[in-house]
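Shown next, in structure tokens, is the structure this report addresses.
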Amino acid sequence: MGGGRYTVLFPTTLLCVPGPSSVKEAVKSQRPVNLDLRTIKLPITAYTSILHRVSGVILFIGIAVLLFALDTSLASEEGFARVKMYLSSPLVKLIVWGLLSALLYHLVAGVRHLIMDTGHGETLEGGKQGSKIVLIVSAVLILLTGVWVW
Amino acid sequence: MVTNVTNFSRSGLFDWMAQRVSAVVLAAYFIFLLGYLVVHPGLNYAQWAGFFSGNLMRIFSLLALVAVSVHAWVGMWTISTDYLTPMALGKYATVVRFLFQAACGIAMFAFFVWGVQILWGI
């Protein structure tokens, strides 16, 4: 899952930077503090990171939907036909497309993390560039998937 | 008071590695699955059941189930420790976070058992 603990581009926890009022505490302990995300302007890297997290949570909930579809479709011939029938409804198509979109975005952003783990795109400029590439590539894949689902 | 004991291994590095390894397994599994669906547009039940009942596919699916359990746990843990904080929730943060993490763990375990039942019920 992006952001937070493991990337320097968008940490939600930072080492305490001693300001005039917090010098005393900072001297006492160099503990990480939580940034209040509602009070700071977010860069593009923050949006791709938060989207990575949001898509992860959607997928976690979506596991139930996917397991239900897999269970029904594999249980019997009738179940398989029923899932096929469900998939012809526009609402179900929308849900499936939504889940696949979350999956594709999460996948693309995850691949970027693996690339960054090898030391590429870790600078501020590289991070912004990478975020843009993730948004563009996932948007293209999501559109193609939409065409496939419909 | 100790409030940070609920990650997998007491080692951020191990969690980091588990997240990466499980991610690669899941990426391979879903690309394979999506690829299968894309190249079989007129799929019927016999093909579909046959596809999932093969031994290799069972191993791959079970591996993906284990991977998704690990991956989801690390992810939900990360999110809960970042957002369910005393800053957001005040003095009940630890209780809320613990209950949230417990609910995630139980849900994921239930998904795992359900998945095993599906794979071995074909």
Side-chain angles (χ1 to χ4, degrees), chain A residues 1-7 11-13 32-39 49-50 52-57 59-64 66-84 87 96 100 103-104 106-111 113-114 117 141 144-145 148-149, chain B residues 7 12-13 15-17 19-24 26-28 30-31 33-34 37-38 41-53 61 65 68-69 71-83 85-88 93 104 107-108 110-115 117-119 121-122:
Chain A
M1 209 103 351
R5 291 238 149 30
Y6 308 121
T7 161
T12 49
T13 50
V33 293
N34 284 300
L35 293 175
D36 190 346
L37 295 179
R38 292 158 298 185
T39 62
S49 173
I50 286 171
H52 200 176
R53 291 174 164 215
V54 170
S55 60
V57 174
L59 289 171
F60 182 63
I61 298 162
I63 295 171
L66 294 175
L67 281 178
F68 173 75
L70 189 66
D71 195 1
T72 311
S73 69
L74 285 173
S76 63
E77 189 102 45
E78 295 77 53
F80 185 82
R82 207 160 63 228
V83 172
K84 262 202 157 161
L87 284 173
V96 169
L100 287 174
L103 181 68
L104 288 167
H106 203 82
L107 179 67
V108 173
V111 168
H113 267 289
L114 293 180
D117 287 343
L141 288 175
L144 285 176
T145 309
W148 177 63
V149 170
Chain B
N7 68 335
L13 194 62
D15 280 7
W16 177 88
M17 199 65 212
Q19 191 181 38
R20 264 60 183 178
V21 172
S22 58
V24 171
L26 290 171
F30 281 107
I31 289 169
L33 212 56
L34 280 179
L37 288 172
V38 168
L43 198 66
N44 63 39
Y45 175 71
Q47 283 174 304
W48 185 237
F51 175 62
F52 271 99
S53 61
S61 300
L65 263 176
V68 82
S69 306
H71 198 82
W73 172 257
V74 176
M76 298 309 275
W77 178 87
T78 305
I79 285 178
S80 63
T81 53
D82 271 350
Y83 302 124
T85 60
M87 188 177 70
C104 288
M108 201 53 246
F111 289 153
F112 181 82
V113 174
W114 190 10
Q117 283 176 333
I118 294 171
L119 290 174
I122 308 167

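All chains are named by letter (A, B, ...) in the order of the sequence lines, taking the proteins before the strands, and each is independently numbered beginning at 1. In what follows, every heavy atom counts, from backbone to side chain, and hydrogens, waters and symmetry copies are set aside.
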Most contacts with chain A, counted as non-hydrogen pairs under 4.5 angstrom, among B:A110, B:A88, B:C104: B:C104
Closest-packed option against chain A by number of heavy-atom pairs under 4.5 Å, given B:L26, B:L37, B:L34, B:L43: B:L43
B:A107 to A:F60 - nearest heavy-atom pair and separation: CB-CZ, 4.2 Å
Proximity breakdown for A:A64 and chain B, heavy-atom pairs closer than 4.5 Å: both
4.5 Å side-chain heavy-atom contact, B:F52 and B:L33: yes
For chain B, the option from A:V111, A:L114, A:L74 that forms the most heavy-atom pairs under 4.5 Å: A:L74
Exam field: side chain B:S22 to backbone B:Q19, donor-acceptor pair closer than 3.5 Å: yes
Under 4.5 Å from a heavy atom of chain A, the part of B:F111 involved: both
Stepwise side chain to side chain contact (heavy atoms under 4.5 Å, CB included) test for B:W48 and A:L70: CA-CA 10 Å; B:W48 185 237; A:L70 189 66; 3.9 Å; yes
Atom group of B:I31 that falls short of 4.5 Å from chain A, counting heavy atoms: side chain
Shortest non-hydrogen contact from B:H71 toward B:A23: CE1-CB, 3.5 Å
Side-chain heavy atoms of A:T72 within contact of A:F68, under 4.5 Å: yes
Residue part contacting chain A, namely of B:V24, when any heavy atom lies under 4.5 Å: side chain
Structural part of B:A27 lying under 4.5 Å from a heavy atom of chain A: both
Winner by heavy-atom pair count (cut-off under 4.5 Å) against chain B, out of A:L59, A:L107, A:I63: A:I63
Side chain to side chain donor-acceptor pair (under 3.5 Å) partners for A:T145, two or more places apart: none
